[in-house]
Amino acid sequence: MRILLVGLWLLVLATVLAILYRRRKRRSHARPRGDSAVVLHTATIEAMRRGQRVLLPEHVVLAALCDRRVATLVASAGASAASLRRELEQQLPAPRQAPTDSAAFELSPAVNAIVDRAWSRSASWGGPSPLDLVVATQSAGEGCFAAALLTRACRDLDRASREPPRAPERSDPAGELVEVVFWNDDVTKMEAVQRLLVDCFGMDEVEATHFMLTVHFAGSAAAGPYRPDTAAALLARATQVARERGMPIRLTLGPAAEEMGFTWATEPAEAGTGQMDSSDGQRR
């Protein structure tokens with residue numbers, strides 16, 4: 001009798017936990033984790049910049065390939081993120097001077113299905129990662145250019161993604177590699193940060209948008225890694241240009257990250273390093 005009661009109690013407990021888990025998944029479904037939010041926002045901005053009214057899988061993959069972990073994943077699967085991005089950009093319409101109005105924008109059924117599959121394979125209660133979005137896109141099926149491209153260029157991304165990608169080990173005779181860290185503030189305009197990344201760091205529009213949104217959502221992001229002398233020159237150049245443009249954004253140098261996560265940088269010991277005077281502007 002006691003064994004039966006214990007068994008019934010365990011069954012009730014398991015049922016309650018399952019219900020709570022499903023409710024947690026439903027509640028968090030509308031709030032993607034930060035790195036995926038950056039990818040989806042970047043994809044939406046890129047689609048509107050190209051005059052398209054519907055978010056396609058190609059936009060999502062184009063934005064996701066700017067994520068360090070996704071780039072490392074496709075490299076481990078035998079492809080190049082830069083090459084994949086070039087093919088996707090050739091497939092999409094050229095950018096327009098008059099972007100699409102966001103009020104008339106919507107997600108395609110293919111993207112909705114990809115997001116649902118990404119949620120299904122996500123091991124995190126916080127929602128799918130950019131890796132989940134790319135892996136889900138590869139299984140989108142026929143008629144999807146992004147899925148066909150990933151299938152042709154990469155081996156099984158699902159298998160490759162089971163091991164979290166790490167930054168490759170590097171050795172540099174000039175010393176430790178460093179990164180240029182951008183810190184979020186409440187004054188600097190988002191568009192100003194994007195132009196600074198294009199003009200001083202050689203990023204294209206998609207990369208700059210993804211990086212700028214990472215700074216906005218995560219509080220900081222790091223460009224690099226570079227050799228110390230190269231990083232110092234970039235920091236000086238970007239600081240000078242930012243001062244000339246009246247941007248109060250703070251830039252610092254930091255060690256290259258060993259783990260490639262969403263928040264790529266940590267607060268430096270000397271908080272004032274590279275800080276600039278404030279000026280009026282749009283809140284970021």
**Prompt:** Hey, mind stepping through W183 and I249 against side chain to side chain contact (heavy atoms under 4.5 Å, CB included) and telling me if it holds?
**Reply:** CA-CA 7 Å; W183 298 93; I249 187 170; 5.7 Å; no

**Request:** Mind running side chain to side chain contact (heavy atoms under 4.5 Å, CB included) on M247 and K189 for me, showing each step along the way?
**Result:** CA-CA 8 Å; M247 299 169 56; K189 295 180 180 180; over 6 Å; no

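A donor-acceptor distance shorter than 3.5 angstrom exists from the side chain of D132 to the backbone of S129, with no hydrogens or angles considered. The backbone N or O of A221 sits nowhere less than 3.5 Å from a side-chain atom of T214 that would complete a donor-acceptor pair. The backbone N or O of E207 lies less than 3.5 Å from no partner atom in the side chain of H210, so there is not a single donor-acceptor pair. Of the possible donor and acceptor atoms, none in the side chain of S83 sits under 3.5 Å from a partner among the backbone N and O of A79.
Hydrophobic clustering (ILVMFWY, side-chain heavy atoms < 4.5 Å, transitive): L157 and I114 are in distinct clusters.
Looking at every heavy atom in both residues, L55 comes nearest to V111 through O-CG2, 3.1 Å. Taking both residues in full, the closest heavy atoms of A222 and E179 are given as CB-OE1, 3.3 Å, listed atom of the first, atom of the second, then distance. Nearest heavy-atom pair across L177 and P225 is CB-CB, 3.9 Å. Contact detail for V181 and S220: the closest heavy-atom pair is CG1-CB, 4.2 Å. Taking both residues in full, the closest heavy atoms of A136 and A118 are given as CB-N, 3.8 Å, listed atom of the first, atom of the second, then distance. Nearest heavy-atom pair across N184 and V215 is CB-O, 3.5 Å.
If you take CG on L133 and CG on L40, they are separated by 5.5 Å, rounding to the nearest 0.5 Å. Atom CG of L92 is separated from atom CG of L56 by 7.0 Å, given to the nearest 0.5 angstrom. Here OG1 of T188 is found 11.5 Å from CE of M190. Values are rounded to the nearest 0.5 Å. Taken to the nearest 0.5 Å, the CZ atom of R159 stands 14.5 Å off from the SG atom of C154. The structure places CZ of F145 at 7.0 Å from CD of E58, a figure rounded to the nearest 0.5 Å. Going from atom CG of L149 over to atom CZ of R85 covers 13.0 Å, rounded to the nearest 0.5 Å.
The side chain to side chain donor-acceptor pair (under 3.5 Å) test applied to Q240 returns E244, not counting sequence neighbours. In this view, Q194 and E205, T209 satisfy the side chain to side chain donor-acceptor pair (under 3.5 Å) rule, not counting sequence neighbours. Evaluation of the side chain to side chain donor-acceptor pair (under 3.5 Å) rule for D199 yields R245 as partners, not counting sequence neighbours. With sequence neighbours excluded, the residues forming a side chain to side chain donor-acceptor pair (under 3.5 Å) with E46 are R49, R50, listed by chain and number. Under the rule for a side chain to side chain contact (heavy atoms under 4.5 Å, CB included), the partners of S139 that lie at least two apart in sequence or sit in another chain are R117.
The aromatic rings of F201 and Y226 sit tilted relative to each other, their planes meeting at an angle between 30° and 60°.
Among pairs with a residue in residues 34-56, those fulfilling ring-ring contact (aromatic ring centres under 6.0 Å, His included) read H41-F217, at least two apart in sequence or across chains.
Counting heavy atoms from C-beta on, the side chains of C200 and L234 never come closer than 4.5 Å. Looking only at side-chain heavy atoms (C-beta outward), V198 and R195 come within less than 4.5 Å of each other. At a threshold of 4.5 Å between non-hydrogen side-chain atoms, the residues F105 and V54 do not count as touching. Contact of the L196 side chain with the V193 side chain is not registered, since no non-hydrogen atoms from C-beta on lie closer than 4.5 Å. Within the 4.5 Å cutoff, side-chain heavy atoms of E89 are placed close to those of V206. Contact of the L150 side chain with the T137 side chain is registered, since non-hydrogen atoms from C-beta on lie closer than 4.5 Å.
A donor atom on one side chain and an acceptor atom on the other are not found under 3.5 Å apart for T72 and R69.
The residue from V178, T230, T252, L253 that alone fulfils the side-chain contact (heavy atoms from CB on, under 4.5 Å) condition with L235 is L253.
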